[in-house]
Amino acid sequence: MHGLMMDYPLTIDRILEHANRIYGDRQIYTKLPNGSTHTYTYADLYRRAKRLASALSKRGIQIGDRLGTFGWNNYQHMELYYGIPGCGAVCHTLNIRLFAEQVAYIIEHAEDRIVFIDASLLKLFEPIAAQVSCVEQYVLYGVDSVPETTLPNVLLYEDLIAEGDDDYPWPVTDERTAMGMCYTSGTTGDPKGALYSHRSMYLHTIGMLQANAAAITSADMILPVVPQFHVMSWGIPFAAALAGAELIMPGPFLQPGPLADMVQDYKVTVVTGVPTIWMGVYQEVQKNPRDLSSIRALIVGGSAMPRSMIEAYEGKLGVNVVHAWGMTEMSPLGTICHLSRQHEGLSQSEQWDVKAKQGTPIGGIELRIVDGDGQELPWDGATMGELQVRGPWVIKQYFKREPSAESFTSDGWFRTGDVCTMTPDGYMQITDRTKDLIKSGGEWISSVDLENALIAHPLVREAAVIAIPDEKWSERPMAAVVPIEGQTGLNVDDLQAHLSAHFAKWMLPDKFVFITEVPKTSTGKFDKKVLRQQYTDGKLA
Ligand code: AMP
């Protein structure tokens, strides 16, 4: 017997309807490239997103068509997040930091019919456009007239919006309809497309809002530093609207100085970003102090937040750090770290140890760890295994690819490629990517543990550890270390002595190299593939 409750479709337009009705007067601020600030409300967003959806339908965009976006975090990109799915099409966010050939590959693979381009990125986009054939129309936003360009078929965004109707009825009734798409950053092989549905994104939004997750409310002012082209800005544009939180969109101003200013000027309560961003902001406020005390949650993920940075933010600046883990394939939020009642008696230092973990799965997500044969491993806080996940906002298949055994298990779990431990009370800690673990004489060494220890050294700014081939042990660790600017006193003996306090002798790196910067991917993660190519002659790349 079925229950007798409504089949209310979980579509993204419901979120915007709620925001308009209940929080219509709440502000969304955007930092514009000319330095001024654009201000409008959720009611304005609602009206313009509706007109956009209407105009796209009039121009023949069909349910399921993919439309690309190429832009910063701003109010127009918010409109695209709602207007494109609002007419049944798929909002396909393109990563502005990839090489032209990669973006062109992704556009062609997705068969984007329209691409919306932030005018400040037009020059960056032109070489991409030269390599694609599927796009019928380019729509430019952020300008009043079409500048000189090599792009064909250019339309102004404001002209498109003017074509739409205010009373357009949202057409999507099936919540399983695709609404958004994001390609993985592609450090291994070709980028792969994750295709989100209205239902999966709606449920992810509810998941984000849980008190044990991001706990966003109408009392918040959020600064989403995570780009809208990276996993839907971690879902903040939807979560903020459903909760009625105000937003300050940073546009192109992602440097530490302007970000610290925005926190201070807008009394920001929630920020999201990768560790590199927060390391930069920390160094900035050491030099030029700002008031960051309004932040109640500095949500950090994308790669591991070093414990030393958690200690710096909490101990020195009094800012609560919330460590989270997720993936493009998970919309992205999987786990988040909050202290629980059982941590009350712990010392501050022990609490920071807990906060350095990636935390517990949020309600809706299931985790398990398995060995090489797929056997489940114990949650004892020490046993490392491959992390597998399932839940209503986890991918079941990549776009235009059959589900492979490399990514999906036969019993319906997604293989994350991360290696972790689980404590008995459900706290997950990433120890590595499966491909980054170092196997020395049959024993595993975690590159992440070594990196965390190195970065805690007062003269170290960044450190990345990779495996180098070794005849006797098969692999040995090598550390690439970036000294803090102007510090010349750093040497290998010091670093070895520093690490010896935490690691067995056989785990210590055999080789240290000093570099000026760790190579990064388009989303700010360490690009160990590049390091491996450099230091192993491509043997372990
Ligand atoms: P992406 O799909 O680009 O967001 O990358 C997802 C991957 O980033 C995960 O599989 C992890 O390897 C890594 N990652 C994300 N968050 C964290 C975190 N808090 N700590 C360590 N690694 C993380």
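As a basis for the values below, the full set of heavy atoms in this structure was taken, side chains included, without hydrogen atoms, waters or symmetry mates. Nothing fancy with the numbering, it's 1 onward along the sequence. Here the structure is a predicted model, which means the values were calculated and not measured. Both counts, for ligands and for their atoms, begin at 1 and track the order of listing.
A donor-acceptor distance shorter than 3.5 angstrom exists from the side chain of Gln228 to the backbone of Asn74, with no hydrogens or angles considered. Here the side chain of Asp380 pairs a donor or acceptor atom with the backbone of Ala382 at under 3.5 angstrom.
Residue His230 places a heavy atom under 4.0 Å from ligand 1. Contact analysis leaves Thr184 out of contact with ligand 1, as no non-hydrogen atom separation drops below 4.0 angstrom.
Taking a cutoff of 4.0 Å between a charged side-chain nitrogen and a carboxylate oxygen, Lys439 and Glu475 do not qualify as a salt bridge. At a threshold of 4.0 Å, the pair Lys192-Glu329 does not count as salt-bridged, since none of the basic side-chain nitrogens sits closer than that to a carboxylate oxygen.
Only backbone heavy atoms of Ala324 (N, CA, C or O) come within less than 4.0 Å of ligand 1; its side chain stays farther off. Under 4.0 Å from ligand 1, heavy atoms of Met327 appear from its side chain as well as its backbone. Contact annotation: for Ser303 versus ligand 1, heavy atoms closer than 4.0 Å belong to the backbone alone. Residue-level proximity to ligand 1 for Met305 is absent, since no heavy atom of it falls below 4.0 angstrom.
Considering Asn452, Asp436, Asp432 in turn, Asp432 is the only one that fulfils the side-chain hydrogen bond (donor to acceptor under 3.5 Å, both in side chains) rule with Ser447.
The local environment of CZ in Phe99 is sparse, with at most 12 non-hydrogen atoms from other residues, nucleotides or ligands closer than 6.0 Å.
For a threshold of 3.5 Å applied to N or O pairs, the pair formed by Val231 and ligand 1 contains no separation below that value. At a 3.5 angstrom cut-off on N or O pairs, Asp418 counts as close to ligand 1.
In the vicinity of Gln358, heavy-atom distances shorter than 4.0 Å reach the ligand 1 atoms 18 (C), 19 (N), 20 (N), 21 (C). Shown in contact with Thr328 at under 4.0 Å from a heavy atom are these atoms of ligand 1, numbered in order with element: 1 (P), 2 (O), 3 (O), 4 (O). Below 4.0 Å from some heavy atom of Gly302 lie the following atoms of ligand 1, by number and element: 8 (O), 13 (C), 14 (N), 15 (C), 16 (N), 17 (C), 23 (C).
Taking the six-membered ring for Trp and thresholds of 30 and 60 degrees, Phe414 and Phe408 have ring planes inclined between 30 and 60 degrees apart.
Looking only at side-chain heavy atoms (C-beta outward), Trp278 and Val319 stay at 4.5 Å or farther from each other.
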